[in-house]
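Report on the following structure.
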Protein chains: 2
Amino acid sequence: MAGTGSGSGAPRKQRADSRRNEEALLKAAAAAFVTSGVDAPVRDIAAMAGVGVGTIYRHFPTRADLIVAVYRHQVEACAEAGPALLAESATPHAALASWIDLFVDFLVTKHGLAEAMRSDDAAFQTLHAYFLDRLVPVCAQLLDAAATAGEIIPGVDALVLMHGIGNLCIGADSPGYDARLMVGLVIAGLRLR
Amino acid sequence: MAGTGSGSGAPRKQRADSRRNEEALLKAAAAAFVTSGVDAPVRDIAAMAGVGVGTIYRHFPTRADLIVAVYRHQVEACAEAGPALLAESATPHAALASWIDLFVDFLVTKHGLAEAMRSDDAAFQTLHAYFLDRLVPVCAQLLDAAATAGEIIPGVDALVLMHGIGNLCIGADSPGYDARLMVGLVIAGLRLR
DNA sequence: TGAAAAGCGGAACCGCGTTCCGTATATTCC
DNA sequence: GGAATATACGGAACGCGGTTCCGCTTTTCA
């Protein structure tokens, strides 16, 4: 039957210029995020990529889509580091601590990402969905291992923990604040005494 | 010479309508903050108070001024509760925990306040100055007492701690988050083991 | 090569904070 | 009581940023 095959309905492949623009946008966004944070004005990013604002919306309907696209690799790396750390580390609690460190490293080096992570704006739904769906299970696994080993208090929800860690990383570069110290206190607080 | 004394320069007292407007604005802002959070649109607050937008800026040049004015009493109460708790509580650590609870209560019931607290926008300078200057010393006193009693790890900076607690309260009403649990972990993490 | 789909640019619109100035009014002095 | 004047008011106007929309260009495919 008029299949979904290549018969008559072969959908045209994406135009070359479109792909080029997408890549230019990704590069421009990455650069803009570094200098102006993830809230960099849409117009700036578009200008930097040499495209119109319409183009940015066509490729990345929401800001979250753009953020996800820019940081996908790093999030993947973080997610994959979880099981690895669990295998290498002396104890599950050590693995958990190291992994959280990795996560914190990721967040504090992206101006505004931590803020964006917790925005309840509908446009950031994608961000929640991706970041959390990808990282929460990893965190849960580490948490579970540590709890099973009797190292930490049981029953701590990974989603809540990650949410909290994310919050602690907001404004990590303000003078007079120390996100890592606070995260350290949380990790210490998890410990069973 | 035309002195600065009260001779001829008795400054006119504030006009009655001005005072009325200021109070109306305070009431309107308090109401708006409850329903829409501390980011309630300026125009809405002005309309609710039955004044023009210009009036709001004349009385409260920055949003922070308005927020401070609205919550001044509650901040004072929180600040004064510190020494009281220290006197009543079984241990300094218990007093610290209770006081932080009070602070968290205050923050989580004001939509957006925690976010605003950590904004580095210049307009929020007043908010930092007031809230932190008023509360950090209280926190420092409690922290110090607990450290002296050997209950918690020494050397934790009150400003950092309050900053962190504030951060943890961001989005306290989102489903799937539990600010109090996270704060509890931090307090537990302070404990010397 | 020519028609049609795909994509593009940027003008235009909206919401919100902020400023500014002509006008209204409370206060003061006679 | 009635001007004179400092004081305060209202809201139009401006700037900025996100978002939408549509006429035009470019690429693809036959």
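Here the structure is a predicted model, which means the values were calculated and not measured. Proteins get letters first, then strands, A, B, ... in listed order; numbering begins at 1 in each.
- The base of dT28(D) is not paired with the side chain of Arg15(A) by any donor and acceptor separated by under 3.5 Å.
- Between Asp17(A) and Arg15(A) there is a salt bridge, since at least one side-chain N of the basic residue sits less than 4.0 Å from a carboxylate O of the acidic one.
- The listed nucleotides are dT28(D), dG10(D), dG17(C); the one nearest the side chain of Val42(B) is dG17(C).
- In this structure, Asp17(B) places its CG atom 12 Å from C1' of dA6(D), rounding to the nearest Å.
- The separation between Tyr57(A) atom OH and dG17(D) atom P is 12 Å, rounded to whole Å.
- Side chain of Asn21(B), nearest nucleotide from dA8(D), dA13(D), dG10(C): dA8(D).
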> Does the pair Thr62(B) and Asp65(B) meet the rule for a side-chain hydrogen bond (donor to acceptor under 3.5 Å, both in side chains), with working shown?
Replying inline: CA-CA 5 Å; Thr62(B) 72; Asp65(B) 293 311; 2.9 Å; yes
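- Below 30°, between 30° and 60°, or above 60°: for Tyr177(B) and His163(A) the angle between ring planes is below 30°, a parallel geometry.
- For Arg43(B) and dA12(D), the CZ to C1' distance is 10 Å, given to the nearest whole Å.
- As a whole-Å value, the separation of Glu23(B) CD from dC9(D) P is 13 Å.
- Linking ILVMFWY side-chain heavy atoms closer than 4.5 Å, directly or via other members, places Val104(B) and Leu185(B) in a single hydrophobic cluster.
- Between the NZ atom of Lys13(A) and the P atom of dT28(D) there is a distance of 7 Å, given to the nearest Å.
- Between Arg12(A) atom CZ and dT26(D) atom C1' there is a gap of 11 Å when expressed in whole angstrom units.
- Proximity of His59(B) to the phosphate of dA8(D): no side-chain N or O atom is located under 4.0 Å from OP1 or OP2.
- Tracing side-chain contacts under 4.5 Å through hydrophobic residues (I, L, V, M, F, W, Y), one reaches Val108(B) starting from Leu168(A); they form part of the same cluster.
- Applying the 4.0 Å criterion to OP1 and OP2 of dG9(C), one finds that Thr55(A) has a side-chain N or O inside that range.
- Straight-line distance from the CG atom of Asp121(B) to the P atom of dC16(C): 17 Å, rounded to whole Å.
- Atom CZ in Arg63(B) sits roughly 10 Å away from atom C1' in dC16(C) (whole-Å rounding).
- Each of Gly50(B) and Pro41(A) was assigned the nucleotide of DNA chain D with the nearest heavy atom; the assignment lying further toward the 5' end belongs to Gly50(B).
- Heavy-atom distances to DNA chain C give each of Gln14(A) and Gly54(B) a nearest nucleotide, and the one nearer the 5′ end belongs to Gln14(A).
- Residue-level contact check: Ala16(A) touches the backbone only, with heavy atoms under 4.0 Å from sugar-phosphate atoms and none from bases.
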